[in-house]
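Heads up, the thing below is written out as structure tokens.
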Number of protein chains: 2
Amino acid sequence: MNGLDATAPEEARRDRKRRRTRDALIDAALELFEAKGYEHTAVHEITDAVDVAERTFFRYFASKEDVALHFVRREIDDFTTALAARPQQECAGVAVRRAFRTSLERLLADSYEINGEPRSLVVVRLIDSTPALLAASLRYTHENSDQAVRVLADREGVDPETDRRPWLLITIYAAVLVLVHREWRVVGRADTDELVGVFDAYADEIGPTVSGDWSTTPQATKRSEAHGLHGAARASRDPDPPTR
Amino acid sequence: MNGLDATAPEEARRDRKRRRTRDALIDAALELFEAKGYEHTAVHEITDAVDVAERTFFRYFASKEDVALHFVRREIDDFTTALAARPQQECAGVAVRRAFRTSLERLLADSYEINGEPRSLVVVRLIDSTPALLAASLRYTHENSDQAVRVLADREGVDPETDRRPWLLITIYAAVLVLVHREWRVVGRADTDELVGVFDAYADEIGPTVSGDWSTTPQATKRSEAHGLHGAARASRDPDPPTR
DNA sequence: TGCATTTAGTCATACTCTGTCATTATACTG
DNA sequence: CAGTATAATGACAGAGTATGACTAAATGCA
């Protein structure tokens, strides 16, 4: 774009300053949210704590939700990165499962604390217990699954427009992650082994069907030949017997 | 609560009036949303169309989102009802699958039209294309899965506090429904056969693993002896080999 | 008819978020 | 060093959603 000679260090300095402001806003916001609750914290209270104008907050974050979703975003980005980095020989199901586990582990590895509690736990609890944040986080996950689906489809050499399997696989594991967060909140600790265990328990439950190797086996089709899944819609079509 | 003798007709009349106002607000809202988009429709425009005060709107609906989510709520309630009505001898997976299909069919059966298009399609498209509504609808689904889980767990005689299978099953099918809505929007029609076919295709893909018959297996839960669930759980806890 | 309860309307207000313009800090140029 | 461009911030105004408090009217009941 531009020369990285003389101007670069200065730009870096400005970046650092921006980052400081940004981090300060995040920290102040989380502490206030934790102390008073998300809904009962006004944006001007956050900006007062950092001593910037309220308008500045909205220059750093698109919304009040946005600042709390910072970590959700990171977790999802981590997942996509991890998925792209899985070795090619792994079949889709295993790669997705391992990538999700990696992102969960990375989230748990965050060692910062807020009021003596791991920040990850504080954030998960905050999101889970605040309707507006829960909604925003589910939406964010949903919207970004497209990207993960593309990565997965690329990797497996299938077309996400016509093949439903990548959508299903990503969606299922995203849902599992929500369930893990739920249990995490109940557990009330950020014990990596324990929570990865919970994740594995769910993943084991899903079993081999969805996780099968797409490239070779017509796995999805235990009861017919159609593996293209478009055709797979057909035969199953079990007529719904009357409810009673 | 009270006598249903003399007062009943009056109460009924008041109820009808309330319902008329409410329905008028919903209709006006959907038409405006469809015409100008959700975000570009102000609440006072809706209330102007029905000729009530803006404040009145918020007496009928908790929020602007709420009025658009009316149909999502109905779909979810339909599901829970349908699940409770499934015959006992069906195994969990089949019952859940059929109940979801029933609620989908019922949604599709809505024959009202808005601007010559089926209302169900209009609403699905509206929700899917409006971030705020998408978020709210995902949240609503999430929050109400608790109830469905309880119904399912009751039915199967398992404890939802310790058994993860009902959570997983409900969550997976809820996610599938979102995927169906997605394709529905792409299809651009409200063709029952076609969309039920899409649902079945996803459901077939999930296969028997999660849908297994629980009645024979003891409640799994503690991963100590992760026996059960279909033996698929086998050698869980696979150590994650290095990414590269 | 008189009294209580419920429902709707009015007014006031808090909060989120956006647009705009002035002000300051910082970087580059001669 | 002065002068200028650019980016960041502040200050202010305003729209829109949502809530609380109070008032007026309708309704149910004595």
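Labels below follow one simple rule: chain letters A, B, ... track the order of the sequence lines, proteins then strands, and each chain is numbered from 1.
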What nitrogen or oxygen pairs link the protein and nucleotides 13-17 of chain D at under 3.5 Å?
from, atom 1, to, atom 2, distance (Å)
dT17(D), OP1, T41(B), O, 3.4
dT17(D), OP1, K64(B), NZ, 3.0
dT17(D), OP2, V43(B), N, 3.1

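- Two residues are said to be in side-chain contact when any heavy atoms from C-beta on lie closer than 4.5 Å; F100(A) and E75(A) fail this criterion.
- Atom P of nucleotide dT9(D) and atom CZ of R18(A) are separated by 6 Å, given to the nearest angstrom.
- Applying the 4.0 Å criterion to OP1 and OP2 of dA8(C), one finds that T56(B) has every side-chain N and O outside that range.
- Rounded to an integer number of Å, the gap from CZ of R20(B) to P of dT7(C) is 16 Å.
- At whole-Å resolution of the value, CZ in F61(B) and C1' in dA8(C) are 15 Å apart.
- Residues that satisfy the salt bridge (charged side-chain N to carboxylate O under 4.0 Å, His left out) test with R119(B), not counting sequence neighbours, are D110(B).
- Among residues two or more places apart in sequence or in another chain, the ring-ring contact (aromatic ring centres under 6.0 Å, His included) test is passed with F71(B) by none.
- Sequence neighbours left out, the pairs with a member in residues 40-60 of chain B that pass salt bridge (Lys or Arg N to Asp or Glu O under 4.0 Å) are K36(B)-E45(B).
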Could you run down the sub-3.5 Å N/O contacts of the protein with nucleotides 23-25 of chain C?
none

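- As judged by a 4.0 angstrom heavy-atom cut-off over every strand, Y60(A) is placed among residues touching the sugar-phosphate backbone only.
- In this structure, CZ of F57(A) is placed 18 Å from C1' of dA11(D), rounded to the nearest angstrom.
- Of the residues near DNA chain C, E65(A) and T21(B), the one whose nearest nucleotide (by heavy atom distance) lies more toward the 5' end is T21(B).
- Classified by interplanar angle (parallel below 30°, tilted 30° to 60°, perpendicular above 60°), the ring pair F199(B)/Y173(B) is tilted.
- Distance H40(A) NE2 to dT19(D) C1': 12 Å, rounded to the nearest Å.
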With a 3.5 Å cut-off and sequence neighbours excluded, list the donor-acceptor pairs that the side chains of residues 126-134 of chain B form with protein atoms.
from, atom 1, to, atom 2, distance (Å)
D128(B), OD2, R185(B), NH1, 3.4
S129(B), OG, R125(B), O, 2.7
S129(B), OG, L126(B), O, 3.3
T130(B), OG1, L126(B), O, 2.7

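- F57(A) pairs by the ring-ring contact (aromatic ring centres under 6.0 Å, His included) definition with F61(A), not counting sequence neighbours.
- Partners of D66(A) by salt bridge (charged side-chain N to carboxylate O under 4.0 Å, His left out), not counting sequence neighbours, listed by chain and number: R73(A).
- Summarising the geometry, the separation between CG on L32(A) and C1' on dT16(C) is reported as 16 Å, rounded to the nearest angstrom.
- For E143(A), the side chain to side chain donor-acceptor pair (under 3.5 Å) partners are R139(A), not counting sequence neighbours.
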